Amino acid sequence: MNDYDLLVVGSANADLVIGVERRPGAGETVLGSDLAVHPGGKGANQAVAAARLGARTALLARVGDDGHGRLLLDSQRAAGVDTVGVLVGGAPTGVALITVDPSGDNSIVVSPGANGRLTPADVRAAASLFHASRVVSAQLEIPLETVEEVVRNLAPGSRFVLNPSPPRPLPAQVLAACDPLIVNEHEAKVVLGDGAAVSDEPEDWARLLLAKGPRSVVVTLGGEGALVASSDGVTRVPSVAVRAVDTTGAGDAFTAALAWRLGAGEPLAEAAAYAARVGAATVTRQGAQVSFPTAAEVAALPGAGAGEAAASGAGAEGGGR
């Protein structure tokens, strides 16, 4: 019996959000809304999203000994996440500067802060968490060497899920552990590399990514849904139309839901369809963690039944913050 359905290893940031009519060009200043400060970061977001759905969740991360760090710890505990693996100190808490335009699209600049101090030694020291977890999820807002150490510390029989955001080329041992690798269009092309002959067809991206070593691949396509690829073939997951208010956090909610349902034994396509409904519910509300739905809210989402839909906005940016 695993103590946790999901262990998330990743970043925890304070999201500083400003609404803008349009993003500024080089050398330009635009006026925005009042500043809003929210708990965020891809790792912290995934942990909260999974816990809100009902998954037994733990987070391994690092925050600063400051107000932003306390905000993040409070938000995790309020969602029911076990914070025994959250380390404090070493640098200020990471910060994400986010602008959101009227269509709901966002642009993000991240100052890693304490996230950059989450080390391989921290991973090794958390061995008990890995052995107690059914699925382990990671992203790339922490050092790549730390993600490599995560792969080396996976417990026998556990499953590894990776969203390579912000994207970069990945070492073979990390790719080989992914089940699945979750990417949007931009991330897919970066992971494939400049030398890859990439067509305009997402099915081709998925097949090329699969050939690089992951056990499975999920490509999020925003309003066009998603697709999943494994040794069984490539399958499209259609979209559910929702009015996107803010795509912040949608990809993180998608990843968390997918990881949780895979750990519960669902086939990849069914897990991705449920995850996409979670992403759809997320983009209909402002903010990241505050927008994550409960399982009851996902079930109440209009449109296709659970297991049939992908979210508009689920892969709209950087895997979705």
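Predicted model, so just to flag it, every value in this text is computed and none were measured.
- A heavy-atom distance below 4.5 Å is not found between the side chains of Asp122 and Thr146.
- Glu21 is linked by a side-chain contact (heavy atoms from CB on, under 4.5 Å) to Pro102, counting only residues two or more places apart in sequence or in another chain.
- With respect to Arg22 and Glu28, a salt bridge is recorded, a charged nitrogen being found less than 4.0 Å from a carboxylate O.
- Between Ala226 and Thr220, the shortest heavy-atom contact is CB-CA, 4.1 Å.
- Not counting sequence neighbours, the partners of Ala114 by the side-chain contact (heavy atoms from CB on, under 4.5 Å) test are Arg62, Ala91.
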* Asked: Hey, mind stepping through Asn163 and Gln46 against side chain to side chain donor-acceptor pair (under 3.5 Å) and telling me if it holds?
  -> CA-CA 11 Å; Asn163 171 219; Gln46 287 181 16; 4.9 Å; no
* Would you please test Asp252 and Thr255 for side chain to side chain donor-acceptor pair (under 3.5 Å) and show each step? => CA-CA 5 Å; Asp252 297 330; Thr255 298; 5.6 Å; no
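- Residues Ser165 and Gln139 bring no donor and acceptor atom of their side chains to less than 3.5 Å of each other.
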Return all side-chain donor-acceptor pairs below 3.5 angstrom for residues 167-180, not counting sequence neighbours, or 'none' if the list is empty.
unit_1	atom_1	unit_2	atom_2	d
Arg168	NH2	Leu140	O	2.7
Gln173	NE2	Glu148	OE1	3.0
Asp179	OD1	Arg159	NH2	3.2
Asp179	OD1	Ser216	OG	2.7
Asp179	OD2	Arg159	NE	3.4

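- Legend: salt bridge (Lys or Arg N to Asp or Glu O under 4.0 Å) pairs involving residues 69-84, not counting sequence neighbours, sorted by first then second residue: Asp65-Arg70.
- For the pair Arg56 and Tyr4, the cation does not sit on the ring face, since its NZ or CZ is not both under 6.0 Å from the ring centre and inside 45° of the axis.
- Under 3.5 Å, the side chains of Ser75 and Gln289 contain a donor-acceptor pair of N or O atoms.
- Here side-chain hydrogen bond (donor to acceptor under 3.5 Å, both in side chains) pairs that include residues 85-97, with residues two or more places apart or in two chains, are Asp66-Thr93.
- A salt bridge does not link Arg207 to Glu203: none of the charged nitrogens lies less than 4.0 Å from a carboxylate oxygen.
- Ser107 is linked by a side-chain contact (heavy atoms from CB on, under 4.5 Å) to Arg23, Thr99, counting only residues two or more places apart in sequence or in another chain.
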